Structure formats: structure tokens, C-alpha cells
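Report on the structure given below.
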Amino acid sequence: MNGEARDRICRIESFAVLPRWLFVRIETDQGAVGWGEATLEGHGEAVQGAIDAARDRLIGHDPDRIEDAWQMLHRLGFYRGGPVLLSAISGIDQALWDIKARKLGVPVYQLLGGAVRDRIPVYAWIGGDRPHDVAAAAAARKAQGFTAVKMNATEEIGWLDSPAGIEGLVERVGLVRDAGIDVGVDFHGRVHKPMARRMLQAIEPLGPLFAEEVLLSEHPGAIAQLAQHTSIPLAMGERLYSRWDFRPFFESNAIDIAQPDLAHAGGISECRRIAAMAETYDVAFAPHCPIGPLGLAACLHVAAATLNFVIQEMSLGIHYNGPSQDLASLMKNPAMFDVSNGTVALPQGAGLGVEIDEDAVREMARTPHRWRNPAWRGPDGELREW
Ligand SMILES: [Mg+2]
């Protein structure tokens with residue numbers, strides 16, 4: 001170590017902001033500031049608790065030592081893994097990459113080896129459960145510049161539901177394909193094994209781009225079995241939080257597309273590693289991101305520098321955002337996410353490239369959201385997966 005005074009982390013804050021996001025702000029004693037996103041929809045209070053505890057490890061730490069901070073938070077706590085702890089690490093990790101790249105005056109992707117592509121393919125959401133009108137939504141997305149969308153396969157569904165319900169699924173997927181747009185179909189972990197194979201078979205002739213979470217990620221063996229019965233690429237990963245969680249899906253050839261969420265799966269550092277692991281199994285990488293601008297920016301930087309990346313989810317106009325707020329409402333440079341010909345530009349500017357409207361964030365976080373997903377029940381009062 002030379003004689004220069006080293007920079008130290010002196011402040012870590014988190015902000016619960018609408019519609020259901022959690023931002024992290026880290027400041028150093030030399031005045032550097034970075035932002036990240038630790039959104040874990042429906043569990044923001046728990047993640048804020050984990051970030052609070054992380055202060056005991058990180059205050060006084062060298063902000064340039066991102067990997068050391070990651071490993072310290074992951075391993076030193078003895079108990080590790082899972083959505084809450086890894087989402088907290090994700091937001092902190094993104095903020096530290098933001099700080100480092102801003103100090104060096106480069107976009108984060110330049111520190112990951114530089115760009116391997118000139119534009120980044122993206123897709124948007126069109127509902128499919130509620131809201132139900134996918135044909136109009138698909139046409140609107142096409143008019144916005146998207147060439148691919150994602151829709152839910154079904155509303156709440158029983159462990160063994162009437163095969164008649166599958167006709168509606170085929171009709172809805174067909175309407176979207178008729179709009180001249182590619183469509184990923186998200187089973188959302190709400191479909192159980194007795195229904196999944198039949199549903200995959202029903203939509204297979206329509207050529208969906210991929211099928212997502214065909215079963216809950218608790219069932220790698222059953223997903224590997226489904227993969228033997230369909231030509232549709234199987235995608236999975238929003239509820240897997242580390243390279244160790246992904247490993248059984250790679251080793252059993254269960255999935256074709258890995259979808260870690262950069263706000264849930266250890267941030268830029270860990271998702272970069274998950275992408276590299278995926279590459280060794282010839283699996284594509286398509287980060288999950290129905291959340292906010294910082295999470296999306298983190299995805300775009302990894303996408304820019306990752307060869308097996310294929311397409312990025314983005315939440316522009318997603319129904320969760322509501323009428324008063326959208327993806328870019330809390331940033332000063334919304335053009336960063338402009339969509340053209342199904343793609344967005346490589347992020348410009350230093351760090352993550354998002355210029356957060358800090359005053360608006362602080363004001364909004366004075367009344368923290370308490371977002372919860374809907375509670376669904378079947379006709380006999382039994383709980384159903386959302
Ligand atoms: Mg999903």
C-alpha cells in the first residue's frame with residue numbers, strides 16, 4: 001500500500017420507492033457516491049434490515065475492493081444465500097461498481113472487458129393474466145419499437161386443472177404471434193407438474209421464444225424431465241440467487257436460458273460469474289428485470305460485455321408501475337432506455353450511467369411503499385401460487 005490516504009465507505013442508505021423498488025446509496029469519505037438496486041418485490045423491509053446489518057461490515061471498507069466486500073458479506077455472516085441476503089449484497093455490489101467506474105470516468109462495462117456488441121436486444125411485458133387483452137398490448141409494444149414481449153401463460157391454476165383452460169392459452173399466444181412479434185411465455189412458477197407438460201405441448205406449434213419458470217425452481221429434476229419433452233427453450237432463474245443455486249440446473253441440462261435477476265442474485269459480480277458458468281454448458285443468458293432503472297442499468301452493462309447474453313427484460317410500461325410512475329421517473333436521463341428496433345443503446349456516461357433524481361428519491365422514501373403481490377385462491381378457497 002502506498003502512502004496515499006485510501007478512500008473509505010462512510011455511509012450506506014436504502015430507499016423504498018414506488019412502485020415496489022429499493023435503491024441503495026453508498027458514499028465514501030472522499031465524496032464519491034454510487035447507487036444500486038436491491039429490489040426484492042414484497043420483501044423490501046427484510047432487505048433493508050439486511051442492508052442495515054451490512055453497515056457493520058462495510059463502514060470503513062475500501063470501496064475499490066468490490067470482490068472483497070462481496071465475499072465478506074457472503075461468507076463472513078456464516079449463514080448465507082437466499083433472496084434477502086443476496087438482494088442486499090446485489091444493491092451494495094452495484095453501488096460499488098458505480099462508484100469505481102465513476103472514479104475512473106468509464107461505463108461499468110468497460111471494466112468488464114468492454115463491449116462485445118453495439119446494441120442490446122430487449123423485451124417488454126404485456127400481462128397475459130390480468131390485464132388479459134394481449135392482442136392490443138402486443139400491437140402497442142410493436143408500435144413502441146419492441147420486437148419481442150413476455151406474457152403470463154395463465155391466471156391462477158390448480159394442480160390439476162381442466163384441459164379446457166389450455167385452449168385460452170393457445171388463443172392468447174396465437175394472438176400475440178399474429179401481431180408479428182416474438183413472445184416469451186412465463187409460467188411464473190404457478191403451474192404444477194401435472195399441467196406443465198400438456199401446456200408446453202399446446203403452445204409448441206406457435207413457436208414461443210422461450211417458456212419461463214415452467215415449474216418452481218424447487219424442482220430441478222422435474223424441469224430437466226420436461227426439457228426432454230419439448231423443443232421450446234426453457235428459461236429459469238429469477239428465484240435462484242447464486243452460482244451455487246444455478247449449478248444443478250446446468251449440470252442436469254434442465255434449462256437453455258439462465259435468467260438471474262441482478263438485484264436478487266449478487267449483483268454485477270455474481271451474475272457475471274453465472275453467465276460464465278452458463279457459457280460452459282452452452283446456455284444463454286437473459287437477465288430478469290421487471291424492476292427499476294438501476295437494476296436495469298446493471299443488466300445492460302453485463303449484457304454489453306457478455307457473449308452468451310441474448311435478450312434483456314425491461315419494465316417500461318409494465319402494469320406494476322401504475323399510471324403515475326414508470327421505469328425512468330426517478331432519473332434525469334430517461335433517454336438512456338429509449339427502444340429502437342427492439343434494442344437499446346450501450347449505456348453512456350460513467351458508472352452505471354443512471355443519473356438519479358436524489359431529491360425525488362429522498363422525498364418519495366419518506367413514505368415507504370409496502371408492496372405485496374396479490375393473494376390468489378381457487379374456487380374452493382384453497383391458496384394458489386401467484
Ligand atoms: Mg418470471
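Order of listing sets the numbers, starting from 1, for every ligand and every atom in it. Along the sequence shown, the residues carry numbers beginning at 1. These numbers come from a predicted model, not from an experiment.
You'll find the ring centres of H188 and W386 inside the 6.0 Å limit. Between W371 and H43, the gap from one ring centroid to the other reaches at least 6.0 Å.
No cation-pi contact links R117 to F309, judged by a cut-off of 6.0 Å to the six-membered ring centre and 45° from its axis.
E238 contributes atom OE1 as its closest N/O/S atom to the Mg ion (ligand 1). No other N/O/S atom of E212 lies as close to the Mg ion (ligand 1) as OE2 does.
The Mg ion (ligand 1) has D186 among its coordinating residues (N/O/S atom, backbone or side chain, under 2.8 Å).
Contact detail for G60 and R8: the closest heavy-atom pair is O-CD, 2.9 Å.
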